[in-house]
Amino acid sequence: MSEREPIFDDLRRMFEALDPPPEHLEEAMIAAVAAEDLDSEYALLSLLSRNNELVGTRGAGPLTVEFAYNDVTVLLRVTDGPKANTRRIDGWITPSADGNVRLVAGENEVRATLRSGRFEIESIPCGLIRVWFEVTGRDDLATPTFEV
Amino acid sequence: MPSSRLVESVRTINPVTDDGRWIRSAEAFDRWRSGERGAIDELVHEMTPVLWHVVRAYRLDEDVCEDIVQFTWLTLVRKADSVENPRAIAAWLIITARRQAWRVAARKRREDPVDEELLAPVLPKTASAESVAVETDGNHRLWAAVSRLNERCQRLLRVIAFDDRPDYEHLSQEMGMPIGSIGPTRRRCLEKLKSSMSDEGAKP
């Protein structure tokens, strides 16, 4: 193996100084790993985009979060819920499908029906959540943990 | 006890270099696979910052990068049995993260073709602190010089900065060039970087 050019060490220090990982990242990853249920079989959706317009400010525009796995796309629209510190979620999955949706927020679990690719959850506490899809005729799908 | 001294000496070989990180990661992964549950936390601690930088090389938003790092860890936990060479766990994690970053970046390009044309210059996240002005100034100059390179060079240099021995096969697929061209491309990118820095230095 040839020696690596020393400028790569400078580059490394520069990126570490100017674009460091978010402070909470390591702890969040340790928590995500600890919470993983090794017995469940599912396909993991990946985040494509998150359009957060002033989240947490009442009256602010909705948050849209988009996930994908192969040809499946999940779009979630998150708005303020009926009470303080709650959120309402409207979701669409394409291609259209029927089944069940399970939303896990800490100790709480909320279920909803997926009909023609659409579901709604009227109120969940804001914070970290994970959404599971049991879709007829397909493998189960799950989002990673994310914040609403 | 000679054996514990040996372990100690392996751990203290150059703790700040990559080799130390690679060795500690492999050890932690071994211990986790043999049933020590908490050892995975050590592995996450060692490798999360490296994964962050490798994924950021794909110029994706912070939220998306965080998700890709999470995707990488969940994939490891769920598919730990498929890791063929536990000694190379650091490389396995980096390749998994890069593949996912590449997939997401390719999908975004497909959906948002304009985005790439209008890529705004990415500004450093950390404002310069006056107490470390000299070092910071050097970093900012280097950042600016990197930002003037094309996207391919930017990605290649950041990936190699955090991964001594990058997987050239996958890089060649991503970049649409033969494996044999990556070495010369790497050299050209470094030359451009150096000349970009000296041009800047020559300005009044």
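A, B, ... follow the sequence lines: proteins, then strands. Residue 1 opens every chain. Every value quoted in this text rests on a predicted model; they were computed, and no experiment measured them.
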Please report the closest heavy-atom contact between A:Arg4 and B:Phe162, naming both atoms and the distance.
-> NH1-N, 4.4 Å

Indicate the atoms forming the closest heavy-atom contact of B:Arg186 with A:Glu5, along with that distance.
-> NH2-OE1, 2.9 Å

If you tally heavy-atom pairs under 4.5 Å against chain A, which of B:Leu43, B:Asp61, B:Val104, B:Asp41 wins?
-> B:Asp41

May I ask you to name which of B:Val64, B:Leu142, B:Leu60 has the most heavy-atom pairs under 4.5 Å with chain A?
-> B:Leu142

Given a strict heavy-atom distance threshold of 4.5 Å, which part of B:His45 is in contact with chain A: side chain, backbone, both, or neither?
-> both

Nearest heavy-atom contact between B:Glu66 and A:Pro22 is OE2-CG, 3.5 Å

Using atom types as modelled and distance alone, determine if a side-chain donor or acceptor of B:Arg56 lies under 3.5 Å from a backbone N or O of A:Pro21.
-> no

Would you check, one step at a time, whether the test side chain to side chain contact (heavy atoms under 4.5 Å, CB included) holds for B:Asn139 with A:Phe15?
-> CA-CA 8 Å; B:Asn139 281 338; A:Phe15 284 120; over 6 Å; no

Side chain from CB out, backbone as N, CA, C, O: work out which of these in A:Thr145 comes under 4.5 Å of a heavy atom of chain B, or both, or neither.
-> both

Classify the side-chain pair B:Arg107/A:Ser49 by whether it contains a donor and acceptor separated by less than 3.5 Å.
-> no

Check whether more than 12 heavy atoms from other residues, nucleotides or ligands sit under 6.0 Å from atom CZ of A:Arg77, and answer yes or no.
-> no

Spatial distance of atom CD1 (A:Ile7) from atom CG (B:Leu193) [nearest 0.5 Å] = 4.5 Å

Is atom CD of A:Glu122 surrounded by more than 12 heavy atoms (other residues, nucleotides or ligands) closer than 6.0 Å?
-> no

Please state whether the side chain, the backbone, both or neither of B:Ile40 comes within less than 4.5 Å of a heavy atom of chain A.
-> side chain

In this structure, are over 12 heavy atoms from other groups packed under 6.0 Å from B:Glu169 atom CD?
-> no

Side chain / backbone / both / neither for A:Glu16 at chain B, heavy atoms under 4.5 Å = both

So, B:Trp52 side chain and A:Asp19 main chain: donor-acceptor pair closer than 3.5 Å or not?
-> yes

Write out, in numerical order, the residues from residues 67-79 of chain B with a heavy atom short of 4.5 Å from a heavy atom in chain A.
-> B:Asp67, B:Val69, B:Gln70, B:Phe71, B:Trp73, B:Leu74, B:Val77, B:Arg78

In terms of heavy-atom proximity below 4.5 Å to chain B, should A:Asp9 be classed as side chain, backbone, both, or neither?
-> neither

Considering only heavy atoms, which portion of B:Arg158 lies under 4.5 Å from any heavy atom of chain A: side chain, backbone, both, or neither?
-> both

Given the rule in the side chain to side chain contact (heavy atoms under 4.5 Å, CB included) test, do B:Val146 and A:Met14 qualify, once you have shown the distances and angles that lead to the verdict?
-> CA-CA 10 Å; B:Val146 171; A:Met14 178 274 285; 4.0 Å; yes

Any idea which heavy atoms bring B:Val44 and A:Glu26 closest together, and the distance?
-> CG1-O, 4.0 Å

